[in-house]
Amino acid sequence: MQLWHGTIIAFQLVYLIRLLFLLQKESWRTVLTLAYQSLGVVYGDLSTSPLYVYKSTFAEDIEHSETNEEIFGALSFIFWTLTLVPLLKYVFIVLRADDNVNSLPNGQLADEELSEYKKDVSSLGPKSSFGSKLKSTLESYRVLQRFLLVLTLIGTCMVIGDGVLTPALSVFSAVSGLELSTAKEHHKYVEVPVACIILIGLFALQHYGTHRVGFLFAPVVLIWLLCISAIGLYNIFHWNPHVYQALSPCYMYTFVKKTQKGGWMSLGGILLCITGSEAMFADLGHFSQLSIKIAFTSLVYPSLILAYMGQAAYLSQHHVLDNDYRIGFYVSVPEKLRWPVLVIAILAAVVGSQAIITGTFSIIKQCSALGCFPRVKIVHTSSKIHGQIYIPEINWILMILCLAVTIGFRDTKRMGNASGLAVITVMLVTTCLMSLVIVLCWQKSVFFAVCFVFFFGTIEALYFSASLIKFLEGAWVPIALAFIFLIVMCVWHYGTLKKYEFDLQNKVSINWLLSLGPSLGIVRVRGIGLIHTELVSGIPAIFSHFVTNLPAFHQVLVFLCIKSVPVPHVRPEERFLVGHIGPRQYRIYRCIVRYGYRDVHKDDMEFEKDLVCSIAEFIRSGSVGINGANEDPYKDDDKMTVVGTCSSHTEGIQMSEDDVIVNIDSPGTSELREIQSPTVIKPKKRVRFVVPESPKIDREAMKELQELMEAREAGIAYILGHSYVKAKQGSSALKKLVINYGYEFLRRNTRVPSYALSVPHASTLEVGMIYHV
C-alpha cells in the first residue's frame with residue numbers, strides 16, 4: 001500500500017521537473033502569472049468539490065458503518081478518479097488537443113501569412129493510411145458528418161447546462177454550512193435567499209473580464225486550497241494517520257463487494273469530485289497549456305487529495321454524528337474554525353462557479369463562429385489572451401436559469417445528481433471525439449485511439465450509468481436544458497447551412513458580369529458604391545438582384561468583406577487584401593479588411609480614407625497583368641494583393657482631402673432675398689492623390705486613379721444586403737416550421753453583423769432579397 005503512495009509522489013515529482021524545463025522555453029513570469037490567475041477561473045469549481053462529495057455519496061444509497069469499509073472505499077474511488085480523469089486524461093492528453101487556431105468559415109490561405117499568425121505544422125493532416133481512409137470516409141458520408149455534429153452539439157449543450165447547475169450547487173453547498181450554526185427550523189429560510197444574493201453578485205461581476213476576475217478570485221481559491229490542505233493534514237494526524245492505506249485499489253473492490261447495488265448508485269456522488277475538470281479544456285483559450293498544468297499538478301491536485309483524506313480520517317473515528325446531521329464537509333472542520341471556514345467556503349464557491357461560466361462563454365463563442373449558435377455580442381476583455389471574453393446575453397440567461405434551479409430544488413442532493421450527469425456526459429463526448437483527434441490530427445495509430453476510448457470510456461460509462469439512474473431525482477434537468485439548447489443550435493445551423501448553400505448555388509458567375517460590358521448594362525453615376533458581403537470570393541446574388549431592379553449604379557464598385565482573424569492584432573501594412581473583379585476597365589474591386597480580435601475599428605471617415613488609399617496603392621503597384629487586365633478575367637478566384645493603410649506605406653500613394661465651401665444663393669430680387677432663408681453653405685470635398693515620382697506608372701493606371709479620385713469626391717454609398725430565408729414550395733411541414741418560424745425567429749432576435757453597426761445611416765442603402773431554400 002505504501003508502494004502505491006510512493007509511486008504517485010514520484011510520478012508527480014518527475015512531471016514537475018519536466019514542467020520546469022518547459023518554463024525555460026516560455027516567459028516564466030507570464031506563465032506563472034497565468035497559472036496564478038487560473039486558480040480563480042479554471043480550478044474554482046474543482047477546488048470546492050470537497051464541500052459536497054461525501055455528503056452526496058452517503059445521502060441515501062449507502063451507510064457509514066463502524067468497519068469503515070464504505071468510507072475507505074469511497075476515498076479510494078475518489079483518489080483514483082481524480083488521478084485518472086483530471087490528471088492523466090485532461091492534463092496529459094486532452095490539453096494537447098489545442099490547434100492554436102480558431103477556424104473561421106471565410107478563412108483564406110492569405111490569413112495564415114499574417115505576422116502574428118501561429119500554426120502548428122505538425123498537425124496539418126493525417127499521414128497514416130488508416131487516418132487517410134477514415135478522413136475520406138467521414139467526408140463521403142453525410143450521415144456520419146451529421147452524427148458527429150449532433151454528438152458534438154450534445155456535449156456542447158451539456159457544458160451550457162453545467163454552467164447553470166454548477167454555480168447553484170457550489171454556492172448552495174457552501175451556504176448549507178449554516179446548518180451547524182443556526183437552529184434547524186431557521187436555516188432553511190436563510191439558505192435560499194443568501195445563495196440567490198450571492199449568485200446575482202457573481203454574474204454581475206462577469207463584465208469586468210477574466211483578467212480582473214482572475215486576479216480578484218485567485219487569492220480566494222489559494223487561501224481555500226491552503227485551508228482545506230491544513231485541515232486535512234490536521235485530521236489525518238489527529239484522527240487516523242493510517243488513512244493513506246485507503247489509496248490502494250483493493251479498497252474499491254471491498255467497497256463494491258459489500259455495498260453492491262447501493263455502492264453502484266452512490267458512484268453518482270463520487271463522480272462530483274471531478275466536476276470542473278472539463279473547465280481545464282473549455283478555458284484553454286483564456287490561459288496557456290503550461291500554466292493550467294502547473295497550477296493543477298503543483299497545488300490543486302495535492303490539496304484535494306489531502307482534503308479528502310482528512311475528511312475520511314475524521315469520519316473513520318466518528319460513526320454517530322450529533323444533531324442528526326448527514327455526512328458533510330463542515331463536520332470535519334474543528335468547531336472553533338467553522339465560522340471562518342464557512343466565510344472562506346462561500347467565497348470559494350462563488351469563485352468555483354467562475355470556471356464553468358467562463359468555459360460556457362468560450363464554447364458559445366466557438367459555436368457562433370462556426371455557425372452553430374445565433375450571433376451574440378462578444379466582448380474581448382484582454383489585449384494579451386485571445387479567449388478572455390464576456391457575452392452579456394448568455395451571462396444573464398445563465399443567471400436566471402441558475403436562480404430558478406436554486407429556488408426550485410433547495411437541496412444539494414438533487415442538484416448534485418443533475419450536475420453529475422451533465423459533467424459525465426461532457427466527458428464521454430470528449431473521449432469519443434478525442435479518438436478522432438488522435439488518429440486524424442496527431443497521426444497516431446488506431447490501436448492507441450482504441451485503447452484511449454476503451455480505458456477512459458469504461459470508467460466514464462460506469463459513472464454515467466450511476467448518474468442516469470437518478471433521472472427522476474434531479475438528473476432530468478440537464479437533459480431538459482440540453483434538449484432546448486440543442487433545438488436552438490440545430491435550427492440555427494440548419495438555416496445557416498441552407499442559406500450558405502443558396503449563396504453558392506446562386507453566386508453570380510464572372511461570365512455573366514463580362515457579358516454586361518464595362519457599363520454593366522446600366523448607367524454608371526459618379527461615386528463609390530461599397531457592397532457589403534460575407535463572401536471572400538465570387539459575386540453575391542444580391543448584386544444581380546440590385547442591378548436587375550435599379551437602372552443606375554456607381555462608377556466604382558467595391559465588394560467589401562470585413563472579417564475577424566484569430567490573431568490579437570493585424571498590422572496596418574497587412575490590413576487590406578485588394579483585387580480586381582473582371583477586367584481593369586470595369587472598375588470593380590474586391591477589398592477584404594482584416595481585423596484582429598483586439599483591433600479597434602476606425603471611425604467612418606478614417607476608414608473610408610484608408611480604404612480608398614489602399615485601392616489607389618493597389619492600382620499603382622501594378623498588380624494586374626498585361627494590357628491592364630487580370631491574367632484570367634474568367635477566373636472566379638481573384639488574385640488578392642496585401643495592401644496597408646495610408647500610414648503604413650509612406651513611400652506609396654498618399655491622399656489629401658480638403659473641404660471647399662460653395663455658396664449657393666437663391667435667385668430673385670433683393671426684396672425677396674430679405675424674407676428668404678439665409679444663404680446655403682454647402683461643403684464640397686476635394687481629393688488629391690500624391691503619387692511618388694518613381695516608379696513611373698502607365699497611362700491606364702493614371703486614368704484609373706483619376707476616376708477613383710473623382711468618385712471619392714462625389715461620395716461613398718454603403719449598400720447592405722438583407723436576406724430573408726423561406727422554405728420553397730413543396731417543402732415538408734417540418735422544414736417549413738424550422739425555416740419559416742424557428743430560424744426566422746432566431747434571426748430577428750439576434751445580433752446583426754458587427755460592420756452594420758458602424759455604417760453611417762445617411763449614406764446607407766439596404767437591399768432585401770428572399771432566399772427560397
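The first residue of the sequence shown is numbered 1, and numbering continues consecutively from there.
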**Q** Identify which one of F373, Y743, F745 satisfies the ring pair (Phe, Tyr, Trp, His ring centres under 6.0 Å) criterion when paired with W492.
**A** Y743
**Q** Looking only at heavy atoms, which two atoms of W396 and A204 are closest? And how far apart?
**A**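 Heavy-atom minimum between the residues: CH2-CA, 4.1 Å.
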**Q** Using only heavy-atom distances, determine whether the side chains of S419 and Y52 contain a donor-acceptor pair under 3.5 Å.
**A**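 Judged by distance alone, the side chains do not pair up.
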**Q** Look up atom CD1 in I364 and atom CD1 in I160, then write down how far apart they are to the nearest 0.5 Å.
**A** 4.0 Å
**Q** Taking everything shown except W476 itself, do over 12 heavy atoms lie less than 6.0 Å from its CH2?
**A** no
**Q** Could you pull out the closest heavy-atom pair between A295 and L39, with the gap in Å?
**A**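 Between these two residues, the closest heavy atoms are CB-CD2, 4.2 Å.
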**Q** Rounded to the nearest 0.5 Å, how far does OG of S368 lie from NZ of K377?
**A** 14.5 Å
**Q** Within the side chain of S465, is there an N or O that forms a donor-acceptor pair under 3.5 Å with the backbone of L462?
**A**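 Yes, the answer is positive, given that a donor and an acceptor are paired below the 3.5 Å cut-off.
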**Q** Is it the case that more than 12 heavy atoms not belonging to F454 sit under 6.0 Å from its CZ atom?
**A**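 Counting neighbours around CZ of F454, 12 or fewer heavy atoms of other residues, nucleotides or ligands fall under 6.0 Å, so no.
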**Q** Yes or no on side chain to side chain contact (heavy atoms under 4.5 Å, CB included) for L433 and T152, after CA distance, side-chain angles and deciding distance?
**A** CA-CA 8 Å; L433 296 179; T152 306; 3.6 Å; yes
**Q** Taking all atoms of both residues into account, what is the closest heavy-atom pair of L151 and C432, and its distance?
**A**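 Shortest heavy-atom contact: CD2-CB, 4.2 Å.
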**Q** Within this structure, what is the CG-CG distance for the pair L436 and L138, rounded to the nearest 0.5 Å?
**A**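 Going from the CG atom of L436 to the CG atom of L138 covers 6.5 Å.
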**Q** Please step through side chain to side chain contact (heavy atoms under 4.5 Å, CB included) for the pair K89 and T431, ending with a clear verdict.
**A** CA-CA 9 Å; K89 176 185 173 181; T431 299; 2.7 Å; yes
**Q** Once you round to the nearest 0.5 Å, how far does OG of S49 lie from CD1 of I78?
**A** 8.5 Å
**Q** Kindly compute the distance separating CZ (R146) from OH (Y494), expressed to the nearest 0.5 Å.
**A**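 So the CZ of R146 and the OH of Y494 are separated by 8.5 Å.
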**Q** For a 4.5 angstrom cut-off between non-hydrogen side-chain atoms, does W442 reach M434?
**A**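 Yes, side chains in contact.
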**Q** Closer than 3.5 angstrom, by distance alone: can the side chain of N417 be matched with the main-chain N or O of E473 as a donor-acceptor pair?
**A**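 Yes; at least one donor-acceptor contact below 3.5 Å.
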**Q** Tell me, with the steps shown, if V405 and F172 meet side chain to side chain contact (heavy atoms under 4.5 Å, CB included).
**A** CA-CA 11 Å; V405 169; F172 196 84; over 6 Å; no
**Q** Quick one: does N395's side chain have a donor or acceptor within less than 3.5 Å of a partner on F203's backbone?
**A**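 Checking the backbone N and O of F203 against the side chain of N395, a donor-acceptor pair under 3.5 Å is found.
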**Q** Would you say the side-chain atoms of T83 pair up with the backbone N or O of W80, donor to acceptor, closer than 3.5 Å?
**A** no
**Q** Got a donor-acceptor contact below 3.5 angstrom from the S136 side chain to the K133 backbone?
**A**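 Confirmed, S136 side chain pairs with K133 backbone.
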**Q** A side-chain contact here means heavy atoms from C-beta on lying under 4.5 Å apart; do D162 and P478 qualify?
**A** no
**Q** Can you name the closest pair of heavy atoms from M265 and I469 and give their distance?
**A**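 Looks like CE-CG2, 4.3 Å.
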**Q** Is the closest side-chain heavy-atom distance between Y43 and I292 below 4.5 Å?
**A** yes
**Q** Within the distance-only criterion (no hydrogens, no angle test), does the side chain of R410 pair as donor or acceptor with the backbone N or O of I407 below 3.5 angstrom?
**A** yes
**Q** Considering only heavy atoms from C-beta outward, does the side chain of F502 approach that of V725 to under 4.5 Å?
**A**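 The answer is no; the side chains never approach within 4.5 Å.
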**Q** Of all heavy-atom pairs between L51 and S173, which one has the smallest distance, and what is that distance?
**A** CB-CB, 4.2 Å
**Q** Could you tell me whether a side-chain N or O of T406 sits under 3.5 Å from a main-chain N or O of C402, the two making a donor and an acceptor?
**A**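 Pair found, side chain donor or acceptor close to backbone of C402.
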**Q** How long is the straight-line distance from OG1 of T81 back to CD1 of I459, given to the nearest 0.5 Å?
**A** 7.5 Å
**Q** Any heavy-atom pair between the side chains of Y90 and I274 that's under 4.5 Å?
**A** no
**Q** Could you pull out the closest heavy-atom pair between N740 and K726, with the gap in Å?
**A** OD1-CA, 3.5 Å
**Q** Is there a side-chain contact between C372 and L149 in this structure, where contact means two heavy atoms from C-beta onward sitting under 4.5 Å apart?
**A**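 Answer yes - side chains close enough.
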**Q** Do V376 and F361 come within less than 4.5 Å of each other through their side chains, counting heavy atoms only?
**A** no
**Q** Look at the side chain of Y463 and the backbone N and O of I270, then say whether any donor-acceptor pair between them is shorter than 3.5 Å.
**A** no
**Q** Side chain to side chain contact (heavy atoms under 4.5 Å, CB included) for M427 and F456? Distances and angles first, verdict last.
**A** CA-CA 9 Å; M427 292 183 176; F456 291 107; over 6 Å; no
**Q** Mind checking whether T57 and F77 have side chains closer than 4.5 Å, heavy atoms only?
**A** no
